[in-house]
Amino acid sequence: MFKIRQSLRNKLIVFLLAATIVPIVTSIIITYQYTKETVAQESVVTSANLLFQGKTNLLHYLDIVRKASFALDNDAIIRDMFNYPRSLDDYSSFMDEREIFRFLQSVSHTVPEIHQVYLYFQKRGDAYAAINDNFRRNRKAAAPDPPLLPDPVVRVETTHMSSNYHFDNFPYVPQQMVLTLHRTILDAPSTEVLGRISIDIALDTIRAIVERLYNREEELLYVLDEQGAIVYSPDSEQMGKVLKEPWVEHLLSRGEEKGSFSWRDESFAGMNIYEKLETPYFQWTLVKRIPFDVLYQNARQLTAINTLVFIGFLVIVILATLWISFHVTAPIKRLIGYINRIRTGNLQVEIEVKGSDELALLGTRFASMMETINELILREYRLELANKTNELKALQAQINPHFINNAMQSIGTLALQQGQRQIYSLISSLGKMMRYSMNTNQSVVPLSVEVDYVKAYLDLQKQRFGNQLASEFDLEPEVLQTPVPKMILQPLVENYFKHGFDSSLRGQQIRLTGAVTAEETEAEAGAEAEVLAGTGAEAVAGTGTGAEAVAGTGTGAGAGAGAGRMLRLEVSDNGRGMPPSSLAKLKASLERDHSGGALDNETAPSPSAKNGTETGEAAGSVFNDHIGLSNVLLRLKLYYDDLARLEVAANEPQGFKVILWIPLKEEARKDGKQ
């Protein structure tokens, strides 16, 4: 066991064998159990259907025999003979006997299996019988057995040896097993007993019906009456006897008309399927006994076939497992040999790699690693010198920005000394911007700091454009201390001066607003879009339904529904606009950026186009700089995943605007991004 745990090859062999053998064995066991139950159930259902068909045939056959006894009701001559004593006149007596013989012969020919017809006259004291076309008489016959009773009128006597009814046995007719149907003749409508007609039936037809219901070589079938006496049995010596066994008592005590039950004792183990025949004149039970060995024979055969197939597959699997195990582990063992040689200090080992699979790739990478290690050992001194050089350059890079900042402070001081306060103000604004941009220790700042940076930038731009430019800040006090990613507003303001500012227009204005609000629902977004659209404005998408908000993330302004509090920052202007088609392209490009796609400069409007055409209008837009917007969007995603959004829309009546939605929950920002 210890060696198995140490050897990957042995582990692989054991695992592959277990992964193959266990499922197959489990499948065979489950299949056998399922097949066993399924086959047993199908056998029970098939046997039950056969028994039902046998029951139907038996009832039909015995009903034909019963109707044969009704011939007496249609024969007025014979019927009248029951109501008066036998005539003393020899001729009359002869004529009566001839009519009786005629009647008995007609009844005996009704069903081919009728062995004997017996007729008893209570008032006459006479008894007559017809057997094999022979007529018998007994003018001083005793009362028949069983006794004459008015109820039941019709009854069936269980299988027994045929009787001669106290007649002399001439001509001789051998006895045989018969069923007897007894019908008491009453003086209707009273219950006075006038006599009886008894019909002995040979078992040929009943035996033929029953023996079609089972396989005599493997199964047993009994027909029992309500007392447990055997009407039919595979063993003819048992017929007519009462079967006193526990399973018979259990069967007769069951109240269901049909069903099945298993039984196991010393003499039999199997399934018993039964069907009861309930009539006013007899109650029989058909019961079929199937041994378990026979019942589950097909399931065992199927399992044996599966086992043979399994053994064949097992041999193949064992051979394949051994081949795979040795084939897979051989390269590993060679690689371990190389490693052992390297451990002794031989770093120049030639590693041979065969094949192109993952293990060969591992060997190739290991050989490459050893070459790299040798090169690193030789280059260690050079790397140390290079590191020192890099450190020196880094120190110089830190010195230069500080030198520039100090120089600007000196210039600002000189401007104050010369009374040039405007120059000092501009130098101060530029210094604020440099310090803000050079501060790499903070990636998240309060919104107020970001706004101050934008104001410093606008101060410099106002010096350039003078009275042509105005700015407005409308920020709720509670949002000023909200932490936001650094440098997310200035790129948006800068785009205005790159592409949106028009020196030929008067009253140029840029506006920055900020408020805390709940995230818009889709219905609110649609309402906002309708307000932004105005009347007669062309739809952004070219549908002609009004200018709609075009979102860089989501499906529109305020896309998505949420209940979280959001920081809403809006940068808007009244400069030159962007045509709807270009804005739609910008939206599509931003959506690709939001889903992780690469920047698509072809879809972004060209910033170099002139006004007067569609691309010229795009060049005049505040926000057609796709790269700048993408950078802001990607940084928002970096800090807030998909909780933050960037929306682009037309500003009414003229210009453009961009809206940033930033979640206020602290947990919305990623750890380590502060």
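Values reported hereafter were calculated over all heavy atoms of this structure, with side chains retained and with hydrogens, waters and symmetry mates removed.
- Separation of atoms OG (Ser43) and CG (Leu295) is listed at 5.0 Å; rounding is to 0.5 Å.
- Considering only heavy atoms from C-beta on, Asp73 comes within 4.5 Å of Arg79 through its side chain.
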_side chain to side chain contact (heavy atoms under 4.5 Å, CB included), that's the test. Do Met271 and Val44 meet it? Break it down for me._
CA-CA 8 Å; Met271 185 67 67; Val44 169; 4.0 Å; yes
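- Within 6.0 Å of atom CZ in Phe268, more than 12 heavy atoms from other residues, nucleotides or ligands are found, so the atom counts as buried in its surroundings.
- In this structure, the side chain of Ser190 does not engage the main chain of Leu186 through any donor-acceptor pair within 3.5 Å.
- One distance of note links CG of Leu104 with NE2 of His109; it measures 11.0 Å at 0.5 Å rounding.
- Between Tyr120 and Ala127, the shortest heavy-atom contact is CD1-CB, 4.1 Å.
- Residues Val117 and Ile114 come closest through the heavy atom pair CG2-CG2, 3.7 Å.
- Phe70 CZ: more than 12 foreign heavy atoms inside a 6.0 Å radius.
- Residues Val287 and Leu251 are in side-chain contact: their nearest non-hydrogen atoms beyond the backbone lie under 4.5 Å apart.
- Rounding to the nearest 0.5 Å places CG of Leu179 at 7.0 Å from CG of Leu62.
- Proximity of a side-chain donor or acceptor of Thr184 to a complementary backbone N or O of Leu149 within less than 3.5 Å is detected.
- Between Tyr274 and Phe261, the ring-plane angle classifies as tilted under the 30° and 60° cut-offs.
- Side-chain contact annotation: Asp265 with Ser267, donor-acceptor N/O pair under 3.5 Å present.
- Looking only at atom types and distance, the side chain of His115 has no donor-acceptor partner in the side chain of Asp204 under 3.5 Å away.
- Put simply, the side chain of Val210 does not reach to within 4.5 Å of the side chain of Arg207, judged on heavy atoms.
- Listed here is the closest heavy atom pair of Ile273 and Ser260: CG1-CB, 4.0 Å.
- Of the possible polar contacts, one joining the Arg183 side chain to the Ser69 backbone as a donor-acceptor pair under 3.5 Å is found.
- For Asp200 and Tyr165, the side-chain atoms include at least one donor-acceptor pair closer than 3.5 Å.
- Note: Gln53 CD to Leu58 CG = 10.5 Å, rounded to the nearest 0.5 Å.
- In this structure, a donor-acceptor pair under 3.5 Å is present between the side chains of Lys288 and Ser47.
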*What's the verdict on salt bridge (charged side-chain N to carboxylate O under 4.0 Å, His left out) for Arg289 and Glu219, showing C-alpha distance, side-chain angles and the deciding distance?*
CA-CA 6 Å; Arg289 312 194 77 195; Glu219 301 168 345; over 6 Å; no
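- The minimum heavy-atom distance linking Asn272 with Ser262 is given by the pair ND2-C, 4.3 Å.
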*With side chain to side chain contact (heavy atoms under 4.5 Å, CB included) as the test, would you mind laying out the steps for Arg137 and Phe135 before giving the verdict?*
CA-CA 7 Å; Arg137 68 176 66 85; Phe135 183 64; 3.6 Å; yes
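- Listed for the Thr56 side chain is a donor-acceptor partner under 3.5 Å among the backbone atoms of Phe52.
- Because its NZ or CZ atom is not both nearer than 6.0 Å to the ring centre of Tyr118 and within 45° of the ring axis, Arg196 does not count as a cation-pi partner of that residue.
- Side-chain contact between Val173 and Arg136: present, with at least one pair of heavy atoms (C-beta onward) separated by less than 4.5 Å.
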*Derivation and outcome, side chain to side chain contact (heavy atoms under 4.5 Å, CB included), residues Thr159 and Val178*: CA-CA 5 Å; Thr159 303; Val178 295; over 6 Å; no
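- When all heavy atoms are compared, the tightest approach of Ala644 to Tyr640 is CB-CB, 3.8 Å.
- Within the 4.5 Å cutoff, the side chain of Leu181 has heavy atoms near those of the Val65 side chain.
- For the pair Leu252 and Asp225, the tightest heavy-atom approach, listed with the atom from each and the gap, is CD2-O, 4.0 Å.
- Looking only at distances, no side-chain donor or acceptor of Glu99 sits under 3.5 Å from a matching main-chain atom of Met95.
- Rounding to the nearest 0.5 Å gives a distance of 13.0 Å between CH2 of Trp284 and OH of Tyr232.
- Contact annotation: the side chain of Thr285 never approaches that of Leu277 to less than 4.5 Å [non-hydrogen atoms, C-beta and beyond].
- Side chain of Gln105 to main chain of Ile100: no donor-acceptor pair is present (N/O by atom type, distance under 3.5 Å, no hydrogens or angles).
- For Glu237, the CD atom counts as loosely surrounded, since its 6.0 Å shell holds 12 or fewer non-hydrogen atoms of other residues, nucleotides or ligands.
- The main-chain N or O of Leu59 is never found under 3.5 Å from a side-chain atom of Asp63 such that the two would form a donor-acceptor pair.
- Proximity of Met239 to His160: side-chain heavy atoms (C-beta onward) are nowhere separated by under 4.5 Å.
- Geometrically, Arg264 does not engage Trp247 in a cation-pi contact defined by less than 6.0 Å to the ring centre and at most 45° from the axis.
- Between the CD atom of Gln175 and the CG atom of Asn164 there is a distance of 7.0 Å, given to the nearest 0.5 Å.
- Using a distance-only test at 3.5 Å, with no hydrogens or angles considered, no donor-acceptor pair links the side chain of Ser233 to the main chain of Tyr222.
- Using a 4.0 Å cut-off between charged nitrogen and carboxylate oxygen, Lys55 and Glu275 count as a salt-bridge pair.
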*For Ile78 and Leu119, what are the C-alpha separation, side-chain angles and deciding distance, and is it a side chain to side chain contact (heavy atoms under 4.5 Å, CB included)?*
CA-CA 10 Å; Ile78 303 300; Leu119 190 62; 4.2 Å; yes
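- Side-chain atoms of Tyr61 and Glu113 include a donor-acceptor pair closer than 3.5 Å.
- No more than 12 heavy-atom neighbours from other residues, nucleotides or ligands sit within 6.0 angstrom of NZ on Lys258.
- Counting only heavy atoms from C-beta outward, the side chains of Asn138 and Tyr128 never approach each other to under 4.5 Å.
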